[in-house]
There are 2 protein chains.
Amino acid sequence: MKRNTWQREAVREALVTADGFVSAQSLHSTLRDGGSPIGLATVYRALSDLTDGGEADSLQSMEGEALYRACTSGGHHHHLICRNCGLTVEIEADAVETWATSVAAANGFTQPQHIVDVFGLCAACSRAAADQ
Amino acid sequence: MKRNTWQREAVREALVTADGFVSAQSLHSTLRDGGSPIGLATVYRALSDLTDGGEADSLQSMEGEALYRACTSGGHHHHLICRNCGLTVEIEADAVETWATSVAAANGFTQPQHIVDVFGLCAACSRAAADQ
DNA sequence: CTGATTTTGACAATCATTCTCAACTGCGCG
DNA sequence: CGCGCAGTTGAGAATGATTGTCAAAATCAG
């Protein structure tokens with residue numbers, strides 16, 4: 001049976017509050033800084049539960065750590081992520097979906113899964129970078 | 001100055017010999033099994049040199065480890081990878097390139113980079129899976 | 001060959017993530 | 001309301017990939 005604990009809620013809320021992708025580690029520090037004595041292992045467990053349950057998305061940053069985000073649209077989608085501030089835009093890409101499926105089929109591959117993510121600098125960070 | 005050592009050559013050759021993506025770890029064991037007393041650190045160094053020099057591609061597997069492959073075409077391309085046997089097909093995808101660039105621009109993002117890889121089961125492994 | 005400089009490799013150090021396990025707690029039942 | 005127990009927590013250990021350290025060994029130009 002699945003229980004409701006304040007820890008799970010805290011993680012869910014922290015995820016929603018952060019408006020971009022965050023690593024499990026930084027989510028944990030944020031919670032600790034906010035006064036919760038929540039454990040790191042629990043944050044990881046809560047995050048993977050949320051991911052499994054479809055309430056959150058996860059992806060690997062270019063530096064290799066796993067990032068998480070509360071996902072707004074239930075369906076399948078991809079992301080455009082600012083590699084400086086973490087700001088994220090969800091993008092629909094039917095074109096890419098069908099391309100992936102057909103390129104897989106054309107080469108005899110079955111059960112295609114794909115990883116498609118775009119990283120860049122958002123408008124604000126681009127400006128900041130130009131200014132410096 | 002860059003020197004030529006048999007270790008670097010061994011890594012380059014092992015990479016070419018393997019016909020799909022391999023992890024640094026398994027490349028290391030392969031070399032050791034083949035009789036080379038090469039060190040793990042050296043394999044990692046050689047691989048990142050090759051990657052920097054454009055002689056190899058690297059990507060993150062779905063399990064989180066870094067995989068490497070000798071790349072045949074010099075240009076920018078993506079991959080279709082069998083998640084069972086590692087067989088890899090290089091795919092050109094101008095459509096995806098331009099899509100990524102334009103979707104980034106449309107949202108005010110600059111300096112777009114993208115990760116686009118397709119995993120699946122190759123024909124042989126699909127058959128094997130069906131048989132089991 | 002010689003000397004300077006790069007490279008190597010055993011091992012320690014890091015870092016994210018997962019595991020372990022005893023203590024704890026939400027929740028249904030009486 | 002109080003019990004009991006299965007799901008949950010959390011501190012710390014364990015894991016596993018990757019990177020750093022540094023003395024010893026190897027490379028290459030002259």
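Numbers restart at 1 for each chain; the letters A, B, ... are given by sequence-line order, proteins then strands. As the structure is a prediction and not an experimental result, all values here were calculated from the model. Atoms considered below: every heavy atom in the structure, side chains included; atoms not considered: hydrogens, waters and symmetry mates.
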Salt bridge (charged side-chain N to carboxylate O under 4.0 Å, His left out) with [X]: which residues, sequence neighbours excluded?
| X | value |
| --- | --- |
| B:Arg45 | none |
| B:Glu13 | none |
| B:Glu92 | none |
| A:Glu65 | none |

Heavy-atom pair with the smallest gap, counting every atom of A:Cys125 and A:Asn84: SG-OD1, 3.1 Å
For B:Leu87 and A:Phe109 the tightest heavy-atom approach is O-CZ, 4.2 Å
How is B:Thr42 classified with respect to the nucleic acid when contacts are heavy atoms under 4.0 Å: base, sugar-phosphate, or nothing? base
Identify whether any heavy atom of B:Gln25 sits under 4.0 Å from a base atom; if not, whether one sits that close to sugar-phosphate; answer base, sugar-phosphate or nothing. base
Output a table of donor-acceptor pairs, distance under 3.5 Å, between side-chain atoms of residues 31-41 of chain B and any protein atom two or more places apart or on a different chain; print 'none' if there are none.
residue, atom, partner, partner atom, Å
B:Arg32, NH1, B:His28, NE2, 3.4
B:Arg32, NH1, B:Ile38, O, 2.5

Answer with yes or no after comparing the ring centroid distance for A:His76 and A:His114 against a 6.0 Å cut-off, counting only values under it. yes
same_hphob_cluster([X], [Y]) at 4.5 Å side-chain heavy-atom cutoff:
| X | Y | value |
| --- | --- | --- |
| B:Val22 | B:Ile81 | no |
| A:Trp99 | B:Val103 | yes |
| B:Leu59 | B:Val96 | no |
| A:Leu121 | A:Val118 | no |

Hey, which sits more toward the 5' end of DNA chain D by its nearest nucleotide, A:Gln7 or B:Ala24? A:Gln7
Do B:Gln7 and B:Val43 have side chains that approach each other closer than 4.5 Å (heavy atoms only, starting at C-beta)? no
Quick one, A:Arg69 and A:Glu90 - any side-chain contact, counting heavy atoms below 4.5 Å? yes
Give the rounded distance in Å between these two atoms: [atom1] of [X] and [atom2] of [N].
| X | N | atom1 | atom2 | answer |
| --- | --- | --- | --- | --- |
| B:His28 | C:dC11 | NE2 | C1' | 13 Å |
| B:Glu65 | C:dT17 | CD | C1' | 14 Å |
| B:Leu50 | C:dT7 | CG | C1' | 15 Å |
| B:Leu47 | C:dG9 | CG | P | 14 Å |
| B:Arg8 | C:dG9 | CZ | C1' | 14 Å |

Summary of salt bridge (Lys or Arg N to Asp or Glu O under 4.0 Å) pairs that have at least one residue in residues 104-115 of chain B, sequence neighbours excluded: none
Check every nucleotide of DNA chain D for an atom under 4.0 Å from a heavy-atom of chain B, then give the first and the last such nucleotide from 5' to 3'. D:dA17 to D:dC28
Can you pull out the residues from residues 32-39 of chain A that lie within a 4.0 Å heavy-atom distance of DNA chain C? none
All N/O pairs under 3.5 Å across the protein-nucleotides 18-24 of chain C interface:
none

To the nearest 10°, give me the bend of the helix from C:dC1-D:dG30 to C:dG30-D:dC1, comparing the axes of its five terminal pairs at either end. 30°
Which residues satisfy the ring pair (Phe, Tyr, Trp, His ring centres under 6.0 Å) test with A:Phe21, sequence neighbours excluded? A:His79
Close N/O contacts between protein and nucleotides 3-5 of chain C (under 3.5 Å):
residue, atom, partner, partner atom, Å
C:dT5, O2, B:Arg3, NH1, 3.0
C:dT5, O2, B:Arg3, NH2, 2.5

